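Note sheet for the following structure.
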Amino acid sequence: MDSGPVLRDVRCFAFVARHLGFSRAAAELRMSQPAVSQAVGRLERSLGVRLFDRTSREVRLSAVGEALLPYAEALLEAAAAFTEEAARLAVPGRPPVRLAYAPLAGALAARAARRLARRRPPVGVELRPAGRRAAAAALAAGEVSAAVIGAPFPRDLVTAARFHVAVGHLAVPADDPLARAARLRLDRLDRHRLLLPRDRPPGGMWARLAALLPGPHRHHVVAEDLDDFAAALDLVAAGSGLLAAPDPLVRTVRRDDVRFVPLDGADLRMTYGLAWPPERVSPELMALVQAVQETLWTR
């Protein structure tokens with residue numbers, strides 16, 4: 001959409017005001033410096049005012065320029081919103097991307113969805129929290145477009161945007177003597193139970209944790225899967241066992257009945273990635289892949 005010469009001149013004014021310099025504004029606008037200077041001069045002549053006080057060494061906003069700058073910025077924001085909404089309405093039937101995600105990756109999924117909503121044209125995202133088994137089943141049934149799931153990844157899926165989550169603490173009941181420890185070691189917990197899922201694929205964090213546990217409690221199973229760590233803290237508080245706690249859980253959850261004690265010498269981590277069936281590639285899906293990657297780079 002051609003925004004017109006007046007809007008282009010206003011944009012040049014706003015960028016020069018932002019940088020207080022024509023050369024830096026021109027670089028960001030990808031225009032030549034003379035073209036930016038001509039645009040500002042054209043705008044000043046059309047308005048009959050001086051927007052900048054210029055010397056050989058500096059550029060400063062004039063009193064009129066300072067007064068008009070908020071209006072220029074509001075005009076540019078309104079024009080961008082107009083263009084974005086027009087692009088959305090031009091493709092009314094554009095399907096949303098349906099994304100399943102592990103509860104631990106909820107913040108990542110939300111940030112990627114917001115990033116896609118700001119695209120031009122925007123891409124809608126439907127979020128669905130799901131554990132590893134449920135997410136894989138939803139992908140197989142075509143109920144979701146992609147999923148953020150934990151490793152090991154199903155071989156029939158394409159994966160990208162892999163990232164690691166450290167598991168550096170144990171969640172213990174607040175009234176347990178262990179809650180007062182400075183650090184804990186797995187090889188010294190032979191008299192304590194740890195919560196484990198039944199499904200522990202080789203190469204995953206749960207399989208490594210089970211191999212590190214001493215004594216008879218190596219296979220203390222509390223569920224088929226353990227994807228919702230926040231809910232599993234209820235079992236910890238009830239005295240059912242200790243829980244290996246990923247760092248994002250430690251940073252975000254505060255409970256009076258649970259303590260997070262640093263775990264020493266285990267070197268545990270969970271690997272997640274964005275996965276999808278190779279036969280269902282679409283422009284919207286590729287936009288999601290890019291948004292997740294950009295979100296990981298900027299977090």
Side-chain angles (χ1 to χ4, degrees), residues 1-97 99 106-127 161 274 282-299:
M1 172 182 172
D2 187 356
S3 56
V6 174
L7 193 58
R8 287 197 296 271
D9 293 349
V10 171
R11 180 175 289 107
C12 289
F13 160 57
F15 275 68
V16 174
R18 178 187 304 171
H19 295 288
L20 290 180
F22 285 84
S23 60
R24 291 191 297 271
E28 187 170 351
L29 287 165
R30 297 183 179 180
M31 297 172 59
S32 67
Q33 182 174 336
V36 173
S37 180
Q38 291 169 10
V40 172
R42 190 164 50 242
L43 184 62
E44 288 178 321
R45 289 191 298 274
S46 66
L47 296 175
V49 298
R50 190 179 71 255
L51 298 172
F52 296 100
D53 293 326
R54 306 169 178 83
T55 69
S56 59
R57 302 185 62 179
E58 65 179 353
V59 175
R60 293 184 301 172
L61 276 167
S62 68
V64 173
E66 289 183 359
L68 290 179
L69 181 59
Y71 294 95
E73 292 173 339
L75 177 62
L76 295 174
E77 290 176 2
F82 176 84
T83 302
E84 181 177 322
E85 183 64 10
R88 185 188 68 81
L89 294 173
V91 193
R94 191 169 190 165
V97 175
L99 175 64
L108 171 69
R111 289 180 61 195
R114 291 197 301 271
R115 186 178 290 271
L116 287 174
R118 296 194 295 265
R119 285 175 61 97
R120 299 181 184 175
V123 176
V125 180
E126 294 179 4
L127 297 179
L274 183 65
S282 67
E284 291 76 20
L285 177 59
M286 291 298 97
L288 173 65
V289 174
Q290 181 181 2
V292 171
Q293 290 174 330
E294 291 173 348
T295 300
L296 288 171
W297 295 335
T298 57
R299 63 177 176 173

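Just so you know, these numbers use all the heavy atoms, side chains as well, and skip hydrogens, waters and symmetry mates. Note that the coordinates shown come from a computational prediction; the quantities given were computed from them, not determined experimentally.
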Measuring only between side-chain heavy atoms, which start at C-beta, is Leu61 closer than 4.5 Å to Phe13? yes
CD/Gln33 to CZ/Arg24 distance, rounded to the nearest 0.5 angstrom? 10.5 Å
Spacing of CG belonging to Leu274 relative to CD belonging to Gln290, to within rounding of 0.5 Å: 12.5 Å
Between Val16 and Phe52, is there a side-chain heavy-atom distance shorter than 4.5 Å? yes
Shortest non-hydrogen contact from Leu99 to Ala109? CD2-CB, 4.1 Å
To the nearest 0.5 Å, what is the distance between CD on Gln293 and CZ on Arg115? 11.0 Å
State whether Glu294 and Arg119 are salt-bridged, where the test is any N-O pair (Lys NZ or Arg NE/NH1/NH2 against Asp/Glu carboxylate O) under 4.0 Å. no
What distance do Arg8 atom CZ and Leu29 atom CG have between them, rounded to the nearest 0.5 Å? 12.0 Å
Give me the atom names and distance for the closest heavy-atom approach of Val292 to Ala112. CG2-CB, 3.9 Å
If I compare all heavy atoms of Ala17 with all of Leu69, which pair ends up nearest, and what's the gap? CB-CD1, 3.8 Å
Side chains of Met31 and Arg11, heavy atoms from C-beta outward: is any pair under 4.5 Å? no
For the residue pair Ala79 and Leu7, what are the closest heavy atoms and their distance? CB-CD2, 3.6 Å
Report the residues that fulfil ring-ring contact (aromatic ring centres under 6.0 Å, His included) with Phe22, sequence neighbours left out, ordered by chain and then residue number. none
Do Val49 and Leu43 have side chains that get closer than 4.5 Å, going by heavy atoms? no
Spacing of Ser23 atom OG and Glu28 atom CD [to the nearest 0.5 Å]: 12.0 Å
Identify the heavy atoms of Cys12 and Ala39 that sit nearest to each other, and give their distance. SG-CB, 3.7 Å
Could you pull out the closest heavy-atom pair between Ala72 and Val10, with the gap in Å? CB-CG1, 3.6 Å
So do Thr55 and Glu58 actually touch side chain to side chain, heavy atoms under 4.5 Å? yes
How about Leu288 and Val123: do any of their side-chain heavy atoms sit closer than 4.5 Å? no
Over 12 foreign heavy atoms within 6.0 Å of CZ, Arg60: no
